[in-house]
Amino acid sequence: MPASDLSTRTRYEPAEVEPEIVERWLSSGAYETPPADPSRPDQETFSIAIPPPNVTGVLHMGHALNGSIQDSLIRLNRMRGKRTKWILGTDHAGIATQTQVEKKLAREGRSREELGREGFTVETQAWRKEYGGKIIEQFKRIGASCDYSGERFTMDDGYVRAVQKVFIDLFEQGLIYRDHYMVNWDPGSGSAISDLEVEEQEGVEDVLYSIAYPFADGDGEIVVATVRPETMFGDVAVAVNPEDERYASAIGREVELPLSGGRTIPVIADDHVKVDFGSGALKITPGHDPNDFEIGRRHSLPAPSAIGEDGRMTELAGEFAGLPTEDAKTAVVEALRASGALRAEDPYVHTVPFSQRSGKRIEPLISLQWFMKMDELAKPAIEAVTDGRVTIHPPVQSRRYVDWLSEIRPWCVSRQLWWGHQLPVYYRGDSQDPTETYVGIEPPEGEGWTRDEDVMDTWFSSGLWPFATLGWPDETDDLKDFYPTSVLSTARDILHLWVARMVMLGLRFGGDVPFEDVYIHSVIQAPDGRRMSKSLGTGIDPLDVINGGPRPPVFKQGGDFPAYGADAVRFGLLAISTTQDVRFSEDKVQQGQQLANKLFNATRFVLLQLEERGLGDIAAEPRPRTDADRWILSRLERVARQTAESLDGFEFAKASLGLYDFVYGELCDWFVELAKPRLRDGDEETQRDLAATLLFAIDKTLRIAHPVIPFVTEELWSHLPGDERGLLVSASWPERDDDAVDEAAEAGIAELIETVTAVRGWRERVGVKPSAILPARLRASLGEEREASLRSLARIDLVTGSGDAVATVTSGGVVVDFFADDNIDLEAAEKKKAAERDRIEGEIKRISGKLSNANFVERAPEAVVQVERDKLAVLEEQLAAL
RNA sequence: GGGCCUAUAGCUCAGUUGGUUAGAGUGCUCGCUUGACAUGCGAGAGGUCACAAGUUCGAGUCUUGUUAGGCCCA
């Protein structure tokens with residue numbers, strides 16, 4: 001595209017170009033993993049398996065952040081010439097999807113039960129085809145350069161095969177078994193759910209009931225406190241702390257369970273019981289409380305169920321059997337009160353688990369489920385992190401990982417749902433009889449085998465993600481080339497439930513760790529620090545920020561976002577992604593937008609200037625003639641290194657803000673400004689060399705900035721001269737160029753910048769109009785180039801006269817005298833001079849004080865002392881100059 | 001109850017191993033159509049680095065305690 005297309009576009013409008021650029025990238029095939037090149041056997045690979053979003057999902061801020069993070073890494077490494085693969089796909093998300101489809105059926109007056117399992121699955125597949133995959137389109141919009149041609153789904157045919165094989169293998173290895181165990185029962189979905197899907201709600205108001213359990217021998221009683229009196233039928237003991245003197249004599253005696261026909265239970269001692277809570281005696285109900293379950297196991301007590309999976313009381317509850325738990329609670333309290341056993345009712349506020357899916361209160365209960373034994377899998381997974389085969393960033397997170405794996409409990413992998421991977425398990429006759437249980441893909445020979453209705457926990461299938469997506473269990477080339485993957489980037493909350501399981505299963509089945517680096521990214525909160533949530537009005541849709549949708553209520557100013565564009569959102573998210581929890585910052589997005597606009601205009605300026613001078617198709621190459629040229633080439637080299645280093649080190653804020661600082665604070669504010677006079681007034685050869693260098697600087701900047709802000713850089717790339725450029729997405733990362741680093745030029749220009757800034761500040765203070773050109777004199781020559789730069793940037797006219805100066809400006813070792821001029825407010829100049837003198841004298845006092853401190857001079861390193869001495873010398877010179 | 005993190009400008013955040021006068025963006029004030037950009041340019045004000053003690057020649061940085069906020073586990 002010729003540069004003249006840019007002539008009338010004074011603003012960069014992301015909304016106008018970004019969608020078209022997405023199409024360009026997609027149709028170019030640049031995103032797709034290239035086939036292995038036989039001529040480059042040593043070609044490095046770089047791969048990331050995306051955390052598969054729920055197939056029902058829509059893009060939220062977390063996706064946008066993680067997409068930006070992963071994409072910057074993928075783009076950087078693709079440009080480096082590595083063979084990259086960004087594995088893309090979606091998760092079938094058992095409960096979430098089933099719930100959505102059931103809601104839809106309910107709206108249509110239909111139900112899951114009416115359709116039957118097969119019909120429901122067909123319905124869900126159809127639903128997925130229609131609504132699923134929306135998030136994939138959204139990923140394209142933010143510029144995520146995933147390999148869309150290889151999209152996977154955790155329930156596609158190949159994946160199903162992998163999941164079934166892992167389940168069957170683990171069963172055969174004795175690591176998967178069926179057992180009675182405590183699960184998080186969600187009465188809403190009628191299924192056991194994982195810890196992840198449980199939400200602890202603080203501040204729930206309950207009533208704490210104190211109930212008297214009389215001793216069986218009729219001598220006295222023990223009072224226990226509970227918020228769940230209806231579970232008392234499942235009590236198997238009363239526990240007290242062994243240190244608690246009040247109950248020393250009670251240990252070993254029997255108490256009678258009220259309302260239970262005289263059933264007695266023992267009083268036991270356990271450290272877990274808190275002496276100062278309630279009466280200090282705890283009723284033990286292993287069937288309905290996770291802590292009690294543990295205590296029960298320690299004391300080899302049974303774990304009877306007083307509540308069934310239907311949420312109703314069991315036979316154990318005697319006269320209350322069949323009642324829903326809420327009704328049973330009321331009835332039991334009433335009966336206890338009538339019998340005189342109820343001693344107190346106190347309000348009690350505590351934390352209670354709820355189902356995230358159904359919103360119902362979790363009913364912990366014992367159920368016959370399929371479990372995975374974790375100890376044997378956890379050990380190598382801990383070692384992989386402690387010996388560094390997997391590195392977790394930031395390091396503090398690796399402790400959480402190790403701690404969790406060290407205390408890991410069996411994992412309940414079965415779920416009572418229809419949408420998911422159905423267990424490859426068949427029963428005949430009594431399903432509780434292990435000899436009539438068969439685990440395999442097909443039922444065994446013979447009559448009467450029926451398949452287990454349950455499906456696997458969604459995290460079971462996600463645990464295989466890094467290798468199942470690469471073709472496992474087949475020994476594919478992809479698996480050979482891209483496993484282990486390079487990086488996994490994900491949110492903190494699934495470190496245990498997903499990351500740890502991938503490591504365990506990857507080691508067991510993939511034959512190696514699933515990834516080398518794990519990056520745990522920030523959690524993005526609403527601007528006011530609350531959790532982002534649609535229902536709270538704190539949720540911000542990234543696409544609204546990109547395309548200009550309405551601001552959610554959490555923004556006080558209301559109105560619509562301007563269409564910031566995807567680059568701005570990517571930049572803004574990366575720029576805040578530093579500490580653990582960060583607040584969404586529209587300011588930072590705006591900063592990204594400004595960066596894009598700045599880059600656009602700087603490039604536009606250069607291209608239009610060159611075209612005007614007939615230099616439009618000159619080749620971009622470094623042709624330094626001045627310190628300014630050497631300086632920008634040196635700075636470019638350093639920024640290229642620093643950007644790559646920051647991205648490699650997962651310091652995304654440093655990378656993005658570093659780019660901003662360079663483009664604004666060096667390339668545009670200084671280099672382009674320094675180039676203007678030479679471009680205007682230089683001879684033809686000067687102009688040609690400068691044109692080549694300017695183009696080179698733009699070219700290199702676009703490459704360096706591409707991983708963070710791919711759209712505007714790609715757009716500008718298309719306007720640069722040269723037909724063979726291709727797309728920036730496929731261009732190469734700048735090769736390391738040690739010769740470009742030039743310390744002398746950097747120091748020289750730094751001094752120039754300091755002088756210009758000092759003169760500008762002085763002018764402002766003494767009321768000089770910005771347009772006025774002031775006569776001035778340098779005490780010492782700075783050389784032709786820098787004096788010319790100083791003239792144009794500080795708007796002064798350097799003269800050689802020896803008249804009296806009315807004012808003097810010093811910065812570093814440079815001293816500028818100014819002569820009388822109508823533009824100078826002499827009174828202000830005097831004031832400014834006095835203030836400056838005060839400042840310098842203060843500094844001198846401080847430093848000489850430091851230097852006359854014998855302790856400092858003797859004990860501080862010589863270099864530090866020398867720095868202070870040099871400083872003092874410069875200050876004294878400056879004072880003398882005034 | 002156990003463990004961890006955070007506290008720096010009005011706001012959002014940087015600040016490597018202790019070593020210039022603690023920085024940026026944004027907001028605020030003042031000035032400017034300066035040969036790309038008003039989504040611009042230039043300048044300026046604004047901080048007892050939560051509080052207290054300690055280590056050190058020297059502490060935003062290290063140690064201990066206090067306070068406040070957050071997270072994880074039980």
Side-chain angles (χ1 to χ4, degrees), chain A residues 6-7 9-14 195 200 272 274 276-277 290-291 294 351 394 396-397 399-400 403-404 407 492-493 495-496 523 525 527 529 562 564-565 568 572 575-609 612 649 651 653-654 657-658 660-661 664-665 668-669 672-673 676-677 679-680 756-765 767-771 773 792-795 839-840 842-843 846-847 850-851 853-861 863-865 867-868 870-872 874-875:
Chain A
L6 295 171
S7 60
R9 290 166 61 187
T10 59
R11 286 175 173 197
Y12 175 60
E13 299 284 0
D195 292 345
E200 301 289 333
H272 173 86
K274 289 176 201 146
D276 52 359
F277 182 81
N291 291 322
E294 294 295 328
T351 305
V396 68
Q397 297 296 339
R399 235 187 84 180
R400 279 187 58 220
D403 287 351
W404 185 76
E407 295 168 21
R492 190 171 64 236
D493 56 353
L495 178 66
H496 301 148
V523 172
Q525 299 170 327
Y564 283 114
I576 58 174
S577 177
T578 51
T579 52
Q580 288 204 350
D581 288 328
V582 291
R583 298 176 180 203
F584 178 80
S585 160
E586 189 175 344
D587 282 350
K588 281 284 187 293
V589 173
Q590 201 176 3
Q591 203 183 334
Q593 180 201 27
Q594 287 169 335
L595 173 61
N597 186 61
K598 194 75 178 170
L599 211 45
F600 178 84
N601 270 295
T603 304
R604 171 173 169 264
F605 171 72
V606 168
L607 294 182
L608 292 174
Q609 287 292 314
E612 203 174 292
E651 294 182 290
K654 202 171 165 189
L657 293 171
Y660 179 94
D661 288 342
Y664 261 79
C668 294
D669 285 353
V672 172
E673 294 304 322
K676 276 177 183 175
L679 202 53
R680 193 170 54 230
V756 170
T757 306
V759 172
R760 283 175 178 168
W762 174 82
R763 290 175 58 117
E764 191 91 23
R765 271 299 161 93
V768 175
K769 276 187 293 197
S771 53
I773 292 176
S792 71
L793 293 176
R795 299 188 79 79
R839 186 188 67 82
I840 293 174
E843 276 295 292
R846 199 180 58 81
I847 293 174
K850 211 170 175 181
L851 284 169
N853 177 349
N855 269 331
F856 173 70
V857 180
E858 279 165 28
R859 301 201 194 184
V864 174
V865 177
V867 166
E868 295 295 320
D870 294 347
K871 233 164 28 185
L872 186 63
V874 168
L875 285 166

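Order of the sequence lines fixes the chain letters, A, B, ..., with proteins taken first and strands second; residue numbering starts at 1 for each chain.
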Using a heavy-atom cut-off of under 4.0 Å over every strand shown, decide if [X] touches base, sugar-phosphate, or nothing.
| X | answer |
| --- | --- |
| A:Tyr664 | sugar-phosphate |
| A:Lys676 | base |
| A:Arg795 | nothing |
| A:Asn853 | sugar-phosphate |
| A:Thr757 | sugar-phosphate |
| A:Arg604 | sugar-phosphate |
| A:Gln591 | sugar-phosphate |
| A:Thr10 | sugar-phosphate |
| A:Gln609 | nothing |
| A:Asp403 | nothing |
| A:Arg765 | sugar-phosphate |
| A:Val867 | nothing |

Evaluate the side-chain contact (heavy atoms from CB on, under 4.5 Å) criterion for residues A:Val865 and A:Phe856: first the C-alpha distance (whole Å), next the side-chain angles of each, then the deciding distance (0.1 Å), finally the verdict.
CA-CA 8 Å; A:Val865 177; A:Phe856 173 70; 4.1 Å; yes

How long is the line joining CD of A:Glu586 and C1' of B:rU39, in whole Å?
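Taking CD of A:Glu586 and C1' of B:rU39, I get 13 Å after rounding.
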
In whole Å, I'd like the distance from the CG atom of A:Leu495 to the P atom of B:rC4.
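The answer, rounded to whole Å, is 17 Å.
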
For the side chain of [X], counting heavy atoms from C-beta on, which of [options] is nearest?
| X | options | value |
| --- | --- | --- |
| A:Asn597 | B:rG25, B:rA43, B:rC37 | B:rC37 |
| A:Pro861 | B:rG3, B:rG19, B:rC41 | B:rG19 |
| A:Asp587 | B:rG25, B:rC32, B:rG3 | B:rG25 |
| A:Phe605 | B:rA45, B:rG35, B:rG19 | B:rG35 |
| A:Tyr660 | B:rU39, B:rG25, B:rG31 | B:rG25 |

For atom [atom1], what is the distance between [N] and [M], given to the nearest Å?
| N | M | atom1 | value |
| --- | --- | --- | --- |
| B:rU16 | B:rC72 | P | 28 Å |
| B:rA50 | B:rA45 | P | 23 Å |
| B:rC13 | B:rA36 | C1' | 30 Å |

Between [X] and [N], does any side-chain N or O lie under 4.0 Å from OP1 or OP2?
| X | N | answer |
| --- | --- | --- |
| A:Lys598 | B:rC41 | yes |
| A:Arg400 | B:rC72 | no |
| A:Gln594 | B:rU26 | yes |

For A:Gln590 and for A:Glu13, find the nucleotide of RNA chain B with the closest heavy atom, then tell me which residue's nucleotide is more 5'.
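Checking each residue's closest nucleotide, the 5'-ward one belongs to A:Gln590.
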
